Protein chains: 2
Amino acid sequence: MRRDIFQAIADPTRRAIIALIALQAMTPNGIAENFNTTRQSISKHLRILTECELVKQEHLGREIYYSLEIDKMKEIDKWLDQYRKIWQTRFNQLDNVLSNLKKNKK
Amino acid sequence: MRRDIFQAIADPTRRAIIALIALQAMTPNGIAENFNTTRQSISKHLRILTECELVKQEHLGREIYYSLEIDKMKEIDKWLDQYRKIWQTRFNQLDNVLSNLKKNKK
DNA sequence: TATAGATGCAACTATTCGGTTGCGCAAAAC
DNA sequence: GTTTTGCGCAACCGAATAGTTGCATCTATA
């Protein structure tokens, strides 16, 4: 069972769940109301999100509130960082090209 | 056939391919040499990456060079941005807490 | 022109995945 | 104490996926 964060966000339903609970904790039933699917299917997604620690639970009586573990999202940001450096460099190179063109024009 | 960028980067082999060709274009054979798998399997991954425009081809004789379409990576960055705002806000809140503690200490 | 190399495409297989259904358990409501 | 509600877990099914094998195509090279 491969359970990494990239596989977790690959599914559009899971990304929608993440967006839903990003600002406020919600119960599985509450989340499921926003989708055209069963509560069990949402529960399975929540389980996957929990397993890769993208989501945390808080038990309140018989209800379980799920909320986003925002720090985990930084891992994606960290992975992106190596590529961000590349596109920033290319942007700077383009910038140089443009300023050189400007210089030659003078 | 669902082909979005999030599904494309979900596979660890594809992420490794992306990392490989990020800085220099490579042929399928050249890429495959870096993995314990067949050339055909790499070709399938390249096809998926091409379909979601994460990768571009350049034909040179009988060889095809694949390189990263770095601009497409910005889409992930854009998606992350909404969550980046959240963790920055929380960080600022923490910052306020800390500065308040400092103030009270004085 | 004949041969070897680089590649894409199609068919097949084993595995994984998303979703549904059914069940059991614990907490709340009656 | 019985019923209802909220939830997780397991079994099952159809679809998608990663990988392999085999073949066709195009381009170099001898």
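Each chain gets a letter, A, B and so on, in the order the sequences are listed, and its residues count up from 1. The figures that follow rest on heavy atoms only: side chains count, while hydrogens, waters and symmetry mates do not. Model, not experiment: these values are computed from the prediction.
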Ignoring backbone atoms, establish whether A:Gln7 has a side-chain N or O less than 4.0 Å from OP1 or OP2 of C:dC17.
yes
Spacing of A:Ile18 atom CD1 and A:Ile70 atom CD1 [to the nearest 0.5 Å]:
9.5 Å
Are B:Lys72 and B:Glu75 ion-paired here, with the side-chain N under 4.0 Å from a carboxylate O?
yes
Backbone N/O of A:Gln7 and side chain of A:Arg14: donor-acceptor pair under 3.5 Å
yes
Just jot down the side chain to side chain contact (heavy atoms under 4.5 Å, CB included) partners of B:Ala22, sequence neighbours excluded, or say none.
A:Tyr83, A:Ile86, B:Leu68
In this structure, how many angstroms lie between the P atom of D:dG6 and the CD atom of A:Gln57, rounded?
17 Å
Between B:Tyr66 (OH) and C:dA6 (P), how many Å, whole number?
15 Å
With sequence neighbours left out, which residue pairs that include part of residues 23-38 of chain B fulfil the side chain to side chain donor-acceptor pair (under 3.5 Å) condition?
B:Thr37-B:Ser41
Contact class for B:Glu63 (heavy atom, under 4.0 Å): base, sugar-phosphate, or nothing?
sugar-phosphate
Could you give the CD1-to-P distance, from B:Ile17 to D:dA18, as a whole number of Å?
11 Å
Rounded distance in Å - CG (B:Asp11) to P (C:dT15):
17 Å
Would A:Lys44 and A:Asp11 count as a salt bridge (Lys or Arg N to Asp or Glu O under 4.0 Å) if you check the C-alpha gap in whole Å, the side-chain angles of each, and the deciding distance to 0.1 Å?
CA-CA 12 Å; A:Lys44 276 182 95 171; A:Asp11 185 84; over 6 Å; no
Please determine if a side-chain N or O atom of A:Thr38 lies less than 4.0 Å away from the OP1 or OP2 oxygen of C:dT20.
yes
Under the side chain to side chain contact (heavy atoms under 4.5 Å, CB included) rule, collect the residues that match up with B:Arg84, sequence neighbours excluded.
A:Asp77, A:Arg84, B:Asp77, B:Leu80, B:Asp81, B:Trp87, B:Gln88
Quick one: label B:Leu46 by what it contacts on the DNA or RNA (base, sugar-phosphate, nothing), any heavy atom closer than 4.0 Å.
nothing
When the distance from CD of A:Gln40 to P of D:dC12 is rounded to whole Å, what number comes out?
17 Å
In whole angstrom, what separates B:Arg47's CZ from D:dA16's P?
15 Å
Give the other cluster members for B:Leu60, using side-chain heavy-atom distances under 4.5 Å between Ile, Leu, Val, Met, Phe, Trp and Tyr residues; answer none if it is isolated.
B:Tyr65
Do the side-chain N or O atoms of B:His59 get closer than 4.0 angstrom to the phosphate oxygens (OP1, OP2) of C:dT7?
no
Taking the side chain as every heavy atom from C-beta outward, state whether A:Leu20 and A:Phe35 have any atom pair closer than 4.5 Å.
yes
Nucleotide nearest B:Arg39 (side chain, heavy atoms from C-beta), chosen from C:dT7, D:dT20, C:dC9:
C:dT7
How is B:Phe35 classified with respect to the nucleic acid when contacts are heavy atoms under 4.0 Å: base, sugar-phosphate, or nothing?
nothing
Is the distance from OP1 or OP2 of C:dG8 to the nearest side-chain N or O of B:Ser43 less than 4.0 Å?
yes
Just how far, in rounded Å, is C1' of D:dA28 from CD1 of B:Ile64?
15 Å
What are the residues of residues 24-33 of chain A, sorted by number, that bring a heavy atom to within less than 4.0 Å of DNA chain D?
A:Thr27, A:Pro28, A:Asn29
Verify, without hydrogens or angle tests, whether B:Arg39 (side chain) and B:Ala32 (backbone) share a donor-acceptor contact under 3.5 angstrom.
no
Separation of atom NZ in B:Lys44 from atom P in C:dC12, rounded to whole Å
13 Å
Go along nucleotides 24-30 of chain C 5' to 3' and tag each nucleotide: B for a protein heavy atom under 4.0 Å from its base, S when only backbone or sugar atoms are that close, - otherwise.
---BS--
